[in-house]
Amino acid sequence: MKKVLSAPDPTREEKLKAFDRLLTIMNELRENCPWDKKQTLESLRHLTIEETYELSDSILEGDLKEVKKELGDILLHMVFYSRIASEQGAFDVADVLNSICDKLIERHPHIYSDVVANDEETVKANWEKIKLKTGNKSVLEGVPKSLPALVKAIRIQDKARGVGFDWEKKEQVWQKVEEEMQEFKNEFNAESNEAINKEKAMAEFGDLLFSLVNYARFINIDPEEALERTNKKFIKRFQYLESESAKDGKVMGEMTLAEMDVYWEKAKKL
């Protein structure tokens, strides 16, 4: 392994002390708090998912104070899981940390060995190839089954691209988007009152979304983040509509669409 240099960390001792403090508190809570004593890997799972989404929200809001708070919550969960596993004789937090360190070194041979990788795409391609060599039967094996469908589409496409299965130009991807749009329109003619084949229309709509995700990737847009930002924008405008119409003595559900549009147009100017 070649010697890798990094900048000195003047606060390393402080960081180690803080982590040691967290481990001590975790042990104290696990051994003395009735709630902490009862927790299992399974009982913490849904809380961890919730904390992860809260971190995502704070990142999108650009609220670094909240990012710090949510990172602390997630770090607590990682330590909690490790403590529970150590009680079962499975592993402890040192095993977790050494495991990720070993994996990072193994998957960065351009840093810790003699492999050359001068750009991000080569690094990602090497990463996927190494995973296949170390036991993964499929490039897509690492995509969690329970991921939300939009995020899963992004990860699937990223991993396929890592081994060279991808379009060459964004123009080709856009042609695919238009092709899928036409196929969807063939199954769902918005101008016709005829009944549609829902299964076929759903399949074509899925293909259309998948191709749009692909195009977004080619132009460096995170489609999940883009959609979430639109969600937040809609919520902000709709809540403005609710609050401002209430000030005027109007009741949601009793206004006409034209009346609501007046407030909506005002909200768009905020």
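A distance of 7.0 Å separates CD1 of I84 from CE of M26, quoted to the nearest 0.5 Å. One distance of note links SG of C101 with NZ of K103; it measures 11.5 Å at 0.5 Å rounding. The CD atom of E51 lies 13.0 Å from the OG atom of S56; values are rounded to the nearest 0.5 Å. The structure places CD1 of I154 at 13.5 Å from NZ of K159, a figure rounded to the nearest 0.5 Å. Residue F184 holds its CZ atom at 11.0 Å from CG of D207, rounded to the nearest 0.5 Å.
Within the structure, every pair that satisfies the side chain to side chain donor-acceptor pair (under 3.5 Å) test and touches residues 220-229, not counting sequence neighbours, is listed here: E225-R229, E228-N231. Screening residues 174-183 for side chain to side chain donor-acceptor pair (under 3.5 Å), with sequence neighbours left out, gives W174-E178, K176-E179, K176-E180, Q182-N186.
Remark: the backbone N or O of S58 is not paired with any side-chain donor or acceptor of E66 at under 3.5 angstrom. Judged by distance alone, the side chain of S99 and the main-chain N or O of V96 form no donor-acceptor pair under 3.5 Å. Remark: the backbone N or O of F210 is paired with a side-chain donor or acceptor of Q157 at under 3.5 angstrom. A donor-acceptor contact shorter than 3.5 Å links the side chain of R30 to the backbone of D36. Checked by atom type and distance alone, the side chain of T24 pairs as donor or acceptor with a backbone atom of D20 at under 3.5 Å. Judged by distance alone, the side chain of S138 and the main-chain N or O of L140 form a donor-acceptor pair under 3.5 Å. A donor-acceptor distance shorter than 3.5 angstrom exists from the side chain of Q39 to the backbone of W35, with no hydrogens or angles considered.
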Determine all donor-acceptor pairs shorter than 3.5 Å in which one atom belongs to a side chain in residues 257-270; sequence neighbours excluded.
residue	atom	partner	partner atom	Å
E259	OE1	T256	N	2.8
E259	OE1	T256	OG1	3.4
Y263	OH	D248	OD2	2.5

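Ion pair E204/K185 not flagged as a salt bridge, since none of the NZ, NE, NH1 or NH2 atoms sits closer than 4.0 Å to an Asp/Glu carboxylate oxygen. A salt bridge links E61 to K232: one of the charged nitrogens lies within less than 4.0 Å of a carboxylate oxygen.
Minimum interatomic distance between D166 and F218 (heavy atoms only, all atoms of both residues): OD1-CE1, 3.4 Å.
Counting heavy-atom neighbours within 6.0 Å of Q88 CD, excluding the residue itself, gives a total above 12.
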